[in-house]
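Chain letters run A, B, ... following the sequence lines, proteins first and then strands; every chain starts at 1.
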Amino acid sequence: MSSPHASTELPKTYDPKAVEPRLYRHWEESGFFHEEPDPARPPFIIAMPPPNVTGRAHLGHGSTYTPMDVLTRYHRMRGDNADWLPGLDHAAIATEAVLVRELAKEGITRDSLGREGFIERAWEWSRTYGGTINSQFRTLGFGPDWQRERFTMDDGLSAAVRKVFVELYREGLIYRGKRLINWDPKGKTTVSDAEVDHVERDAHLWHVRYPAKDGTYAITVATTRPETMLGDVAIAVHPDDERYAALVGKHVCMPLTMREIPIVADASVEAAFGTGAVKVTPAHDPTDYEIGLRHELSMPSIMDFDARITGAEIEVGRYAGLERYEARRAIVEDLRASGHLVKEEAYRHAVAISERSGEVIEPLLSLQWFVKMKPLAEPALQAYRDGRLRFVPERYGRTYETWLENIRDWNISRQVWWGHQLPVWYTPGGDVVVAETEDEAREIAQRRFATSELVRDPDTLDTWFSSGLWPFSILGWPEKTPELECWYPSQVLVTGWEIIFLWVARMVMLGLHFVGQVPFPTVFISPLVFDAQGRKMSKSLGNAIDPMDLVESYGADAFRMGMLRQMRLEGQEIRFQESRCEEARNFNNKIWNATRYILSLPDGLPNAMTLPNVADLTLADAWILNRLHDTIEEMSRLLDAFDFGNAAETIWRFVWYEFCDWYVEATKAPENRATRAAVLSFVWNNAMRLLHPIAPFITEEVWLALPHDGATIMTATWPDHFEVPVDRDAARSFEALQRATERIRNLRSEMGLAPRQTLALETPENVPDAVASLLALYTMGDVERVAARGTTLDEALAAIEGRAPQALLLERNRKELARLRSEVERGEKKLGNAQFTAKAAPEVVAKEREKLDAYKNELRNVEAALAAMGEPV
RNA sequence: GUGCGUGUAGCUCAGUGGGAGAGCACCACCUUGACACGGUGGGGGUCGUAGGUUCAAUCCCUACCACGCACACCA
């Protein structure tokens, strides 16, 4: 597209495949995505949520990452110090699970490989597959600063993790303790509360009778988990429950081993549920754990990390070694046989499931590492409450607030190998040494415990611990780098609402604690993507759409536009319709062909910024410039407000329905010839810049083909509406012309005229030639002059009528008469209502009056026309 | 259970305290100096239900119904 006259050689259909990879390579090789910190310009920084290293692009990335790319490109064009910082997350548990599966295919187990060998394989795997999602992001046109790509397992980031751990430990905010944790028996690791889902499942409620030793009394409890009976240390009832008041303080026997346990009173028991009495197993249930603490009960574990019954801490009889569900079956059988099973009923309730593995969580009492959250949460709550942190849409702020208010300590140790190993060592005597490096640990051990013999804690840290540092660790913290100085805090975080707890809140807490400022003042929550029926997209349902397939079919620009046009500011989900991408491909083709037209004009195109003198502008010129002016203002406003759906819609309308349908057509009329080249060049150049953040490829291709300044549209300046002349009167007149056009086209249609057949237009003398001939172009009309009508151009335009068979005109006028009469009636009724004129806003009343007058005018016109046809009115 | 969100044309969704909108789909016509991945015209909705506030409600309030989501220690 280098020669202005080459368009006839251009294909009629835009081919994104021929454009997108070439432009992307050019952009990346030219370093257009790269930026250095520059305190002289306002920063616009987004830290990319690091995708899992094993991940692949899915539609969810479309709704989250496209807005980030749009914002970065927009702010770069505005001249900001804009940088989008990319990276990858090592995704400890997820990656380890994938790796274990891969090894299994080779017949290797994790343990046979050993820790070092396994980690080596994990690195190898990450290097091989870690590039996949990033290359997919390139295909989608995403332009982060690849030169600054980070990985959570990088040396620098790992050092930051160790430093944070050590500091929190020394401040007493990290501790080691035996607590009830969520054990994932499949992943063989603990998971945090935030990674546990509660899913409704069909189950049973068993009523079990616990008799007194001497058989004089008994108490019946209801349980869904009879296997935990082995670890029962008490029966609890509500203190106010009169049925059991006499039994509190007495003892009963747990029927399986006939061990005696006390009956205690605890307010957490719901008297109305089940039998009103509950068995207490502190080592295997969160509620029971709390009861156990309150009543200082012993807490024997009866299950090991394989979720098998173990007698290590308490007598478990013949059930030792049974897997938890085998044990449940056996125990129910035995209870039934011994007559202790009073009742068995079907019951549906929420079961705790590990988000990652889908396995039922086993609460276990275990020695683990925790972060004390309350002291960290308080400043994070404060930041939200005093407005230093806001959410878009606002309502998500309440989610954040509620969670922080009810926060519990965070279990951070994981029993996987792939991740940041705890910077913790133990002496043979069991003393704990926490240090950033092994050397430091040795030095401390020597000094404090007079030993150099240390064993490192095998556990690794929760993935979210390192991602919680992301906004500052990627900037080089704890070093005082220029990046950290200029680019912390970043300007906005974009993410899905499902990780507000897992990630957002933790970044805020850790950012405040270690850097002293919120990591971002604004959190934009992007919608989740579902299929057109509102179902979650999943491989098993077969309804998942691969964005790469969409790019293949429609191009990356079309994918982005198709996605953005479905986004709504307040929406929490997108019901994704592939047809939107197809429409967007058509839109791109429209742009392509409009460009072919513009370039094929014999006029040649002047410099993009040179408009004709205002006095020389035609009605159509003035109108399209008005529309451009307003569209620029609107686009800036919408992008600043993160309203991507309306931004996409706005530029779409401008390009297709205003520029192509009306203005480009107008340039085919003779009176627009003198100015059209300059106006087309100016407007189209601006339009491409407005569209560029959304559709980067085609806009670059077109912009480069048009007269332009600079090497790339990426760094072209964002359009400024103050540079576009505004003439509201001319714009209004053009709109009157549009209405006349529609009226006459409708008439043509009713007359059944073929498109090439001309229609005589009875045009009042006071419609200027230039305007009349434009109307003639729009309507395939022949201008025939009649006497002047009305005093304004608008009135004269409204009076233009096509010459049609008498009968047809008669019918149209009759219909029009009926319509206008009812309008006039409505207006008069409204204005005749004293309540309305007295109480409604004056401008509303005035507007109503204007409308009524206009209708009365039109009505007179129609009546006159009918009278002229000899119709009595 | 508590909280949040959504209910507008066949579908996906905009929208406003003062006469209901878009795209797609549908119907009809059409290769007019770029575009059939196109153009022009058209049909189609008592704005979930019932009350209330108001001169005026699709929009504000209340209740209800339906759907979705989050949180929650009824074992």
Side-chain angles (χ1 to χ4, degrees), chain A residues 7-8 10 12-14 198 205-206 221-225 228 236 268-281 285-291 347 349-350 352 363 393 395-396 398-399 402-403 406 497-498 500-501 528 530 532 534 554 558 565-566 568 570-577 579-580 582-602 645-646 649 652-653 657 660-661 664-665 667-668 742 745-750 752-756 777-780 823 826-827 830 833-841 844-845 847-848 851:
Chain A
S7 76
T8 47
L10 289 173
K12 285 164 77 167
T13 306
Y14 174 66
H198 294 269
L205 191 60
W206 286 283
V221 304
T223 180
T224 54
R225 303 202 54 200
T228 63
S268 70
V269 178
E270 195 70 44
F273 184 86
T275 63
V278 59
K279 60 190 245 9
V280 181
T281 323
D285 182 276
T287 314
D288 294 4
Y289 180 71
E290 297 295 324
I291 295 176
Y347 182 61
H349 72 142
R395 63 188 137 89
Y396 291 111
R398 287 193 291 278
T399 309
T402 310
W403 190 70
N406 302 308
W497 52 259
E498 78 278 16
I500 290 180
F501 307 145
L528 259 41
F530 295 88
Y554 311 112
R565 245 174 26 112
Q566 296 181 71
R568 298 302 154 202
E570 292 292 327
Q572 63 183 9
E573 65 173 50
I574 290 176
R575 297 196 170 189
F576 190 83
Q577 304 185 97
S579 61
R580 290 307 192 99
E582 191 182 339
E583 289 164 30
R585 179 207 51 189
N586 298 350
F587 175 73
N588 290 335
N589 200 51
K590 190 77 181 174
I591 290 173
W592 182 250
N593 278 294
T595 307
R596 285 176 68 220
Y597 168 78
I598 293 169
L599 294 177
S600 73
L601 290 175
N646 280 317
E649 206 63 42
W652 181 290
R653 275 167 196 291
Y657 303 109
C660 289
D661 285 355
V664 168
E665 286 311 306
T667 63
K668 295 170 186 174
E742 282 158 356
R745 282 174 175 170
N746 172 272
L747 176 69
R748 290 185 58 108
S749 171
E750 281 184 30
L753 281 188
R756 312 202 75 152
L777 175 91
Y778 281 143
T779 62
M780 200 67 189
E823 292 290 4
R826 198 189 62 83
K830 195 158 199 176
N833 180 353
Q835 297 274 29
F836 173 68
T837 47
K839 295 189 179 176
V844 170
V845 178
K847 209 173 133 197
E848 205 60 41
K851 278 198 304 195

- Looking only at heavy atoms, which two atoms of T667(A) and Y597(A) are closest? And how far apart? OG1-OH, 2.8 Å

- Between C1' of C37(B) and OH of Y554(A), the distance in whole Å: 11 Å

- Item | G17(B) versus C60(B) - spacing of their C1' atoms, nearest Å | 8 Å

- Checking E665(A) side chain against Y778(A) main chain: does a donor-acceptor pair fall under 3.5 Å? no

- Note on the structure: When rounded to the nearest 0.5 Å, the distance separating CZ of R225(A) from CG of D285(A) is 7.5 Å

- Residue pair E742(A), R745(A): steps toward the salt bridge (Lys or Arg N to Asp or Glu O under 4.0 Å) verdict: CA-CA 5 Å; E742(A) 282 158 356; R745(A) 282 174 175 170; over 6 Å; no

Protein-nucleotides 70-73 of chain B N/O pairs closer than 3.5 Å?
unit_1 : atom_1 : unit_2  : atom_2 : d
C73(B) : O4'    : T287(A) : OG1    : 3.4
C73(B) : O2'    : T287(A) : OG1    : 2.8

- Message: Please tell me if K12(A) has a side-chain N or O lying less than 4.0 Å from either OP1 or OP2 of C35(B).
- Response: yes

- According to a strict under-4.0 Å criterion, is N588(A) in side-chain N/O contact with OP1 or OP2 of C37(B)? no

- Task: Hey, could you give me the CD1/OH distance between I500(A) and Y396(A), rounded to the nearest 0.5 Å?
- Result: 7.0 Å

- Whole-Å distance between A75(B) C1' and W206(A) CH2? 13 Å

- Note on the structure: Rounded to whole Å, CD1 of I591(A) lies from P of G38(B) at a distance of 13 Å

- Interatomic distance, F273(A) CZ vs C74(B) C1' [rounded to whole Å]: 5 Å

- Taking only the side-chain heavy atoms of N586(A) (C-beta and beyond), determine which of C37(B), C13(B), C35(B) contains the nearest atom. C37(B)

- Message: Please report the distance, rounded to the nearest Å, between NZ in K839(A) and P in A57(B).
- Response: 14 Å

- Note on the structure: Between CG of N646(A) and P of G15(B) the distance, given in whole Å, is 6 Å

- Message: Tell me if the side-chain of E848(A) makes a donor-acceptor pair with the base of A56(B), cut-off 3.5 Å, by modelled atom types.
- Response: no

- Rounded interatomic separation in angstrom, taking NZ from K668(A) and P from C35(B): 8 Å

- Message: Assess, by modelled atom type and distance only, whether the side chains of N593(A) and R596(A) contain a donor and an acceptor separated by less than 3.5 Å.
- Response: yes

- What distance, rounded to whole Å, do you find between the two P atoms, one in A9(B) and one in A20(B)? 15 Å

- Message: By nearest atom, which of the nucleotides A75(B), C4(B), C30(B) is closest to the E270(A) side chain?
- Response: A75(B)

- Inter-nucleotide P distance (C61(B), C69(B)), Å rounded: 25 Å

- Query: Taking the six-membered ring for Trp, are W652(A) and F587(A) parallel (under 30°), tilted (30 to 60°) or perpendicular (over 60°)?
  - Reply: parallel

- R575(A) meets the side-chain hydrogen bond (donor to acceptor under 3.5 Å, both in side chains) criterion, sequence neighbours left out, with E573(A)

- Query: salt bridge (charged side-chain N to carboxylate O under 4.0 Å, His left out) with E848(A): which residues, sequence neighbours excluded?
  - Reply: R826(A), K851(A)

- When you get a sec, tell me which of G41(B), A75(B), G68(B) is the closest nucleotide to the side chain of E573(A)? G68(B)

- Task: Look at the side chain of E742(A) and decide which nucleotide, out of A75(B), G5(B), G41(B), has an atom nearest to it.
- Result: G41(B)

- Message: Closest approach to the side chain of K830(A), judged atom by atom: which nucleotide of A34(B), G18(B), A75(B) is it?
- Response: G18(B)

- Write down the distance separating the P atoms in U46(B) and C37(B), rounded off to the nearest Å. 35 Å

- Message: Can you work out whether V664(A) or R745(A) has the more 5'-proximal nearest nucleotide on RNA chain B?
- Response: V664(A)

- Earlier contact from the 5' end, RNA chain B, for R225(A) and T13(A): T13(A)

- Message: With rounding to the nearest 0.5 angstrom, report the OG1 to OH distance, T224(A) to Y347(A).
- Response: 7.5 Å

- Query: How many angstroms lie between CZ in R565(A) and CD1 in I574(A), if you round to the nearest 0.5 Å?
  - Reply: 12.5 Å

- Quick one: pull up CD in E498(A) and OG1 in T399(A) and give me the separation to the nearest 0.5 Å. 12.0 Å

Tabulate protein N/O versus nucleotide N/O from nucleotides 20-25 of chain B, keeping only pairs under 3.5 Å, one per line.
unit_1 : atom_1 : unit_2  : atom_2 : d
G23(B) : O2'    : E583(A) : OE1    : 2.7
G23(B) : O2'    : E583(A) : OE2    : 3.2

- Assess whether one donor atom and one acceptor atom, taken from the side chain of R585(A) and the base of C37(B), lie less than 3.5 Å apart. yes

- How far does the C1' atom of G48(B) sit from the matching atom of G43(B), given to the nearest Å? 25 Å

- If the P atom of G23(B) is compared with that of G18(B), how far apart are they to the nearest Å? 23 Å

- N586(A) CG to Y14(A) OH distance, which is reported to the nearest 0.5 Å: 14.0 Å

- Query: R748(A): what forms a side-chain hydrogen bond (donor to acceptor under 3.5 Å, both in side chains) with it, not counting sequence neighbours?
  - Reply: none

- Item | Integer-rounded Å distance: U32(B) C1' and E665(A) CD | 8 Å

- Item | Pairwise C1' distance, G45(B) and G10(B) [rounded to whole Å] | 11 Å

- Consecutive-pair stems (at least three Watson-Crick or G-U pairs, under 3.5 Å) that include RNA chain B: B:1-7 with B:65-71, B:10-13 with B:21-24, B:26-30 with B:38-42, B:48-52 with B:60-64

- Using the P atom as the reference point in each nucleotide, state the distance between G21(B) and C29(B) in Å, no decimals. 27 Å

- Query: Which part of the nucleic acid, if any, lies within contact of A841(A), taking any heavy atom under 4.0 Å across all strands shown: a base, the sugar-phosphate backbone alone, or nothing?
  - Reply: base

- Item | Distance test, side-chain N/O of Y347(A) to OP1/OP2 of A75(B), below 4.0 Å | yes

